[in-house]
A.B. asks: 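Okay, here's the structure, questions in a sec.
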There are 2 protein chains.
Amino acid sequence: MRNVVTKLPTVEDVAKVAGVSRQTVSNVLNSPGIVRETTRKRVEQAIDELKYRPSAAARQLRTRRSSAIGVHLDPYSGGISGVLLDRFVHALTERASERGMRVCVYSARTPEEEMERLGALIDGGEIDAAVVTGTFYGDPRTGWLTQKNLPFVSFGRPWGGDDVFASAHSWVDVDGAVGTAAATTWALANAGPRVGWFGWPSDQGTGDDRRRGWQEAMSAAGASGPVFEVADDVVAARQLMTAALAEDGLRDRLDALVCVSDSLAVAAHLAAADAGRQDLTVIGFDNTPVAEALGLPSVEQSPELVAAGALDLLMGETGTVVAPLDSATPAEHVLVAPRLVVREPALHR
Amino acid sequence: MRNVVTKLPTVEDVAKVAGVSRQTVSNVLNSPGIVRETTRKRVEQAIDELKYRPSAAARQLRTRRSSAIGVHLDPYSGGISGVLLDRFVHALTERASERGMRVCVYSARTPEEEMERLGALIDGGEIDAAVVTGTFYGDPRTGWLTQKNLPFVSFGRPWGGDDVFASAHSWVDVDGAVGTAAATTWALANAGPRVGWFGWPSDQGTGDDRRRGWQEAMSAAGASGPVFEVADDVVAARQLMTAALAEDGLRDRLDALVCVSDSLAVAAHLAAADAGRQDLTVIGFDNTPVAEALGLPSVEQSPELVAAGALDLLMGETGTVVAPLDSATPAEHVLVAPRLVVREPALHR
DNA sequence: GACCAAAACTTGATCGTTCAAATTGCTGCT
DNA sequence: AGCAGCAATTTGAACGATCAAGTTTTGGTC
């Protein structure tokens, strides 16, 4: 087979074969409704015959739409939490391609570098919208994007705003408090009344939100339990928990631990096993492969739902193009309720 | 601040400000060498002043290059192994943007669907090259891509070809055998002579390659050990290993286990602990967060090196554009040597 | 059959860049 | 001075699609 690099067919070529004009071919592709049935069939056949595919670049140049969404890949932190974002990116890619959109990923080590990268993508017309992840207290990116007038959604609430629901931009997030509340309620029912909290130091964000869920569920049940705080590091967390179980004689006065992350849950589980309390109910958050492997129950964030929500906000529930920013329509929000994945504790007795 | 959507500046605008022609501006951007120093400075200043950024679409239309690389995101399998590919995608994105390339990800559930997606990207001129991951025995994608005449690299050898090094396409891979050999040698020196293999059923690919490393290191040392095989599933693997340790009275006749994956290593570690052999040296493969969390030694694949290798093959060691396919230059290969990450076994006594 | 409105289709212009070819300016040599 | 040769710069055309504004066809009504 000769490997001839023939010129790719264009609308013009298709038009010639189908005996119509350029524009009619274009219409068959973009607004089939306005083309007569018989003509459409003829054009479609010509398209198949020539194996025609529209040139993305030409279309993009003319329409000023790229049909691409930019997504930041957070720096690989070497920990457990990265898995969640990867699932999110994955789901976003699948949903996006179902709606005729592509996903363009980029990386940056700092918010400043990220804005530089994003700026090039935006001004170069390479993306129609962006999804920013991991928003934090005082995040400069959201304001910058708003000012740039680019449609975007953040995965993560705008923490620290005066009124979260009056936020100027759209966001999707997981309702952490609902997740930890579910975990706490389940623990109270299945393990006993003495349910502790194992979390991060106060951060005005995700961590506090999750802790609130535990707190409220405990109050509602008229119960109370100890609180431990440590950074998201397995080794440090394990040491802390080992010490705590030993020192306070806490070993036998604890029925369960609700944890802010799977990292801490793993640490707590290992520390408990060291102390001869393999039976201690430890519940994680994120449902990462680690929790699965160890058989620990964990709160599942459903990044797939988050991704779908992000696209709905950008494109409307059924739309096929990114809706332009319109200061009239207010920003919207999606809060996904997570779900507790219960695992068989018998597995690791 | 009024939110005026002013027309973005074009080469023409820059040219006017700098008092030169379109083409000279273009030259400053693409071949600065042929522009006189003083002129270049003037143009660069005009660019800064207007905050000009070239339109990706227009450039792409004219040059027939998109400066984008397509990468498949494998379906999220819910397991541990996905982490490795995510690190690879991540590293690829970073390296690519250093070389002025973007990364466009896409997803597909089957090879057929993948070829469909890729076909649209290729014919639409959206990507200049592709990276395919997870090649398997009899993979239809590589031949198809070769026929499509698109530059590509596979992460993973063309398993099952007659002569791997005569392969028609470029690939990058990790030398699994070197990794397991290192693990085995280390185990022989630090744990004892009775080192077993815990792997997958024969697959004519990755798994067999890794087993070979263990086999050869054992032979070289004049040692031998038991072999266990099971699919990559923590629960099933744990059951099998628990049974094995009990039945054969193997419990006290084993010094270490070299495993084909971290999943199996975790399973083996848990089974060993159940049997009162917390001290059993268990070595994993992939160095995922799970191994890190449990403090298990593991073979690190360095997906960062793999990504760099893939780009070198596509663009040359220093190039800034994808080299066109040239049947004269033979396909090339990069084999990355993995590295054993030793962890403190004392941690989890 | 004449007329009109709506539907169906066509034509010229345009998006912003780079290629190819033409032009201008400069240097050194005879 | 004349001119070759090279460096620096400019000009017209093209990439392949869609938009906006035209023209033709269709079908219904009297």
Side-chain angles (χ1 to χ4, degrees), chain A residues 5-44 46-47 50-67 100 120 122-126 128 320-321, chain B residues 5-44 46-47 50-67 100 120 122-126 128 320-321:
Chain A
V5 179
T6 326
K7 196 168 95 37
L8 291 171
T10 71
V11 267
E12 201 82 52
D13 301 322
V14 175
K16 217 163 290 169
V17 169
V20 295
S21 72
R22 272 183 277 125
Q23 185 61 40
T24 300
V25 177
S26 172
N27 287 337
V28 168
L29 265 52
N30 301 303
S31 359
I34 69 168
V35 179
R36 201 204 315 248
E37 172 90 17
T38 57
T39 319
R40 213 188 59 217
K41 285 268 161 61
R42 204 147 30 91
V43 171
E44 277 165 353
I47 289 179
L50 299 181
K51 299 202 201 312
Y52 164 80
R53 309 249 202 186
S55 149
R59 172 177 283 173
Q60 193 173 330
L61 177 59
R62 185 67 247 234
T63 62
R64 307 175 145 286
R65 263 184 281 115
S66 66
S67 296
I122 295 169
D123 295 337
E126 310 205 45
D128 295 337
T320 170
V321 292
Chain B
V5 180
T6 327
K7 199 169 90 42
L8 291 171
T10 71
V11 267
E12 200 80 52
D13 301 320
V14 175
K16 217 163 288 170
V17 170
V20 296
S21 72
R22 269 183 283 128
Q23 185 61 40
T24 300
V25 177
S26 173
N27 285 338
V28 169
L29 265 52
N30 301 305
S31 2
I34 69 167
V35 179
R36 201 204 315 249
E37 172 91 16
T38 57
T39 317
R40 211 188 59 217
K41 284 267 160 65
R42 205 146 31 89
V43 171
E44 277 165 353
I47 289 179
L50 299 180
K51 301 202 199 314
Y52 164 79
R53 309 249 205 185
S55 149
R59 172 176 283 173
Q60 192 174 330
L61 177 59
R62 186 65 248 234
T63 63
R64 307 176 146 285
R65 262 182 282 113
S66 66
S67 296
I122 295 169
D123 295 337
E126 310 206 45
D128 295 336
T320 170
V321 293

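Letters A, B, ... are given to chains in the order of the sequence lines, protein chains preceding strands, and every chain is numbered from 1. Not measured: the values here are computed from a predicted model.
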A.B. asks: Nearest heavy atom decides the nucleotide; on that basis, is N27(B) or Y52(A) closer to the 5' end of DNA chain D?
C.D. replies: N27(B)
A.B. asks: Which heavy-atom pair separates L29(B) from I47(B) by the least distance, and what is that distance?
C.D. replies: CD1-CD1, 3.4 Å
A.B. asks: Tell me whether the OP1 or OP2 atom of dT18(C) has a side-chain N or O from S26(B) closer than 4.0 Å.
C.D. replies: yes
A.B. asks: Less than 4.0 Å between a side-chain N and a carboxylate O, is that true for R40(A) and E44(A)?
C.D. replies: yes
A.B. asks: Please confirm whether the shortest side-chain N or O distance from T24(B) to OP1 or OP2 of dT10(D) is below 4.0 Å.
C.D. replies: yes
A.B. asks: Side chain of S31(A), backbone of G33(A): donor and acceptor closer than 3.5 Å?
C.D. replies: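 Absent.
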A.B. asks: dC15(C) phosphate, OP1 or OP2: any side-chain N/O from R64(A) under 4.0 angstrom?
C.D. replies: no
A.B. asks: To the nearest angstrom, how far is L61(A) atom CG from dA13(C) atom C1'?
C.D. replies: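 About 13 Å, once rounded to whole Å.
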A.B. asks: Expressed in angstrom and rounded to an integer, what is the separation of E37(A) atom CD from dC9(C) atom C1'?
C.D. replies: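 Whole-Å distance recorded here is 17 Å.
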A.B. asks: From CD of E12(A) over to P of dA13(C), roughly how many Å is that when rounded to an integer?
C.D. replies: 15 Å
A.B. asks: Under 4.0 Å between a side-chain N or O of T39(B) and OP1 or OP2 of dT9(D)?
C.D. replies: yes
A.B. asks: OP1 or OP2 of dC9(C) less than 4.0 angstrom from a side-chain nitrogen or oxygen of R36(A), does that happen here?
C.D. replies: yes
A.B. asks: From CZ of R59(A) over to P of dG16(C), roughly how many Å is that when rounded to an integer?
C.D. replies: 18 Å
A.B. asks: From CZ of R22(A) over to C1' of dC19(D), roughly how many Å is that when rounded to an integer?
C.D. replies: 11 Å
A.B. asks: Round to a whole Å and report the spacing from CZ of R40(A) to P of dC9(C).
C.D. replies: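 Atom CZ in R40(A) sits about 11 Å away from atom P in dC9(C).
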A.B. asks: Whether the side chain of D123(B) engages the backbone of R53(A) through a donor-acceptor N/O pair (distance < 3.5 Å, no angle test) should be reported.
C.D. replies: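 Checking the backbone N and O of R53(A) against the side chain of D123(B), no donor-acceptor pair under 3.5 Å is found.
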A.B. asks: Can you find a donor-acceptor pair, distance only, under 3.5 Å between R62(B) side chain and dT17(C) base?
C.D. replies: no
A.B. asks: Rounded to whole Å, please give me the gap between CD1 in I34(A) and P in dT10(C).
C.D. replies: 12 Å
A.B. asks: I'd like to know if the side chain of Q60(B) and the backbone of G125(B) have a donor-acceptor N/O pair within less than 3.5 Å.
C.D. replies: yes
A.B. asks: Please determine whether any donor N or O and acceptor N or O are separated by less than 3.5 Å between the side chain of Q23(B) and the base of dC19(C).
C.D. replies: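 Side chain to base: pair present.
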A.B. asks: Taking only side-chain nitrogens and oxygens of S21(B), does any of them come within less than 4.0 Å of OP1 or OP2 of dT10(D)?
C.D. replies: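 Indeed, a polar side-chain atom of S21(B) lies that close.
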A.B. asks: Starting at atom CG of L29(B), determine the distance to atom C1' of dC19(C), rounded to an integer number of angstrom.
C.D. replies: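 Computing the L29(B):CG to dC19(C):C1' distance gives 16 Å.
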